[in-house]
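Beneath this line is the structure, given in structure tokens, with notes to follow.
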Amino acid sequence: MTTEAPHHHTPPLTRTLSTVTDLRDEWQRRTADLTFTYTALWFTFLDSDNRTIPTHNTVDLAIRPDPAGINLLMRTIAEIIEDDTSVAFLLVRAGDDNEVSDTDSEWARLLGLAARDHEVHIRPTHRANNSSVVAVGGW
């Protein structure tokens with residue numbers, strides 16, 4: 001008697017994120033079971049076909065937006081990515097609100113300015129907390 005090993009569905013190694021909704025859904029999937037008690041910036045890379053891998057990088061952030069720190073991060077990213085690569089950012093923080101705060105908007109604004117200065121193509125910045133994931137910056 002032979003038995004077959006059970007067939008498990010393995011998620012794809014890459015995911016295609018073509019729209020703001022795709023990106024929000026991906027961030028929701030990655031944060032689904034987490035509780036945030038800190039402020040950090042998550043980021044992942046997308047290739048020219050809008051594919052990303054199911055991992056991300058994390059940088060701890062100060063409570064208040066830090067222009068010099070964001071500029072340094074973006075300069076570092078610019079040095080390591082290919083020309084056809086883009087970056088998606090997720091600001092994570094404590095809280096249960098569904099609103100985008102002024103601080104969230106300032107982080108997104110700084111990311112946009114630094115990306116422009118260093119010629120890094122970024123996707124809309126999102127914010128996640130303990131209740132929601134929302135887009136902060138435009139595509």
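Under the 4.5 Å side-chain contact rule for hydrophobic residues, I63 and L61 do not share a cluster. L113 and V87 end up in different hydrophobic clusters when Ile, Leu, Val, Met, Phe, Trp and Tyr side chains are linked at under 4.5 Å.
Between S101 and E99, the closest side-chain pair of non-hydrogen atoms is not below 4.5 Å. By the 4.5 Å heavy-atom criterion applied to side chains, L17 and L46 are counted as neighbours. Residues W27 and V134 are not in side-chain contact: their nearest non-hydrogen atoms beyond the backbone lie 4.5 Å or more apart. Taking 4.5 Å as the limit, every side-chain heavy atom of N129 sits out of range of all side-chain heavy atoms of D96. Annotation: side chain of T31 is in contact with side chain of V133 (closest heavy-atom distance under 4.5 Å).
With rounding to the nearest 0.5 Å, the separation of OG1 in T125 from CG in L111 is 5.0 Å. Note: L90 CG to R127 CZ = 9.0 Å, rounded to the nearest 0.5 Å.
Residues meeting the salt bridge (Lys or Arg N to Asp or Glu O under 4.0 Å) test with R93, sequence neighbours left out: D97, D104. With sequence neighbours excluded, the residues that form a salt bridge (Lys or Arg N to Asp or Glu O under 4.0 Å) with E106 are R109. The side chain to side chain donor-acceptor pair (under 3.5 Å) test applied to D102 returns no partner, not counting sequence neighbours. Checked against ring pair (Phe, Tyr, Trp, His ring centres under 6.0 Å), F43 has the following partners two or more places apart in sequence or in another chain: F45, F89. When the ring pair (Phe, Tyr, Trp, His ring centres under 6.0 Å) test is applied to Y38, the partners found at least two apart in sequence or on another chain are F36. Contacts of S86 classified as side chain to side chain donor-acceptor pair (under 3.5 Å), with partners at least two apart in sequence or in another chain: R123. Remark: D49 pairs with R51 by the salt bridge (Lys or Arg N to Asp or Glu O under 4.0 Å) rule, at least two apart or across chains. In terms of the side chain to side chain donor-acceptor pair (under 3.5 Å) criterion, T37 has no residue partners (sequence neighbours excluded).
Applying the side chain to side chain donor-acceptor pair (under 3.5 Å) rule to pairs touching residues 60-69 yields R64-T103, sequence neighbours excluded. The ring-ring contact (aromatic ring centres under 6.0 Å, His included) pairs that include a residue from residues 90-113 number zero, where partners must be two or more places apart or lie in different chains. Sorted by first and then second residue, the salt bridge (charged side-chain N to carboxylate O under 4.0 Å, His left out) pairs with a member in residues 16-25 form an empty list; sequence neighbours excluded.
Of the N and O atoms on the side chains of S132 and N98, at least one donor lies less than 3.5 Å from an acceptor on the other residue.
Nearest heavy atom pair, residue N130 against residue A94, reads ND2-CA, 4.2 Å. The two atoms that bring L23 and P124 nearest to each other are CD2-O, 3.6 Å, heavy atoms only.
For H121 (side chain) and E119 (main-chain N/O), no donor-acceptor pair under 3.5 Å exists by modelled atom type.
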E26 and T44: side chain to side chain contact (heavy atoms under 4.5 Å, CB included), yes or no, with the steps? CA-CA 11 Å; E26 177 66 9; T44 191; over 6 Å; no
Considering only distance and modelled atom types, tabulate donor-acceptor pairs under 3.5 Å from the side chains of residues 70-83, sequence neighbours left out.
from: N71; atom 1: OD1; to: H118; atom 2: NE2; distance (Å): 2.7
from: T76; atom 1: OG1; to: L72; atom 2: O; distance (Å): 2.9

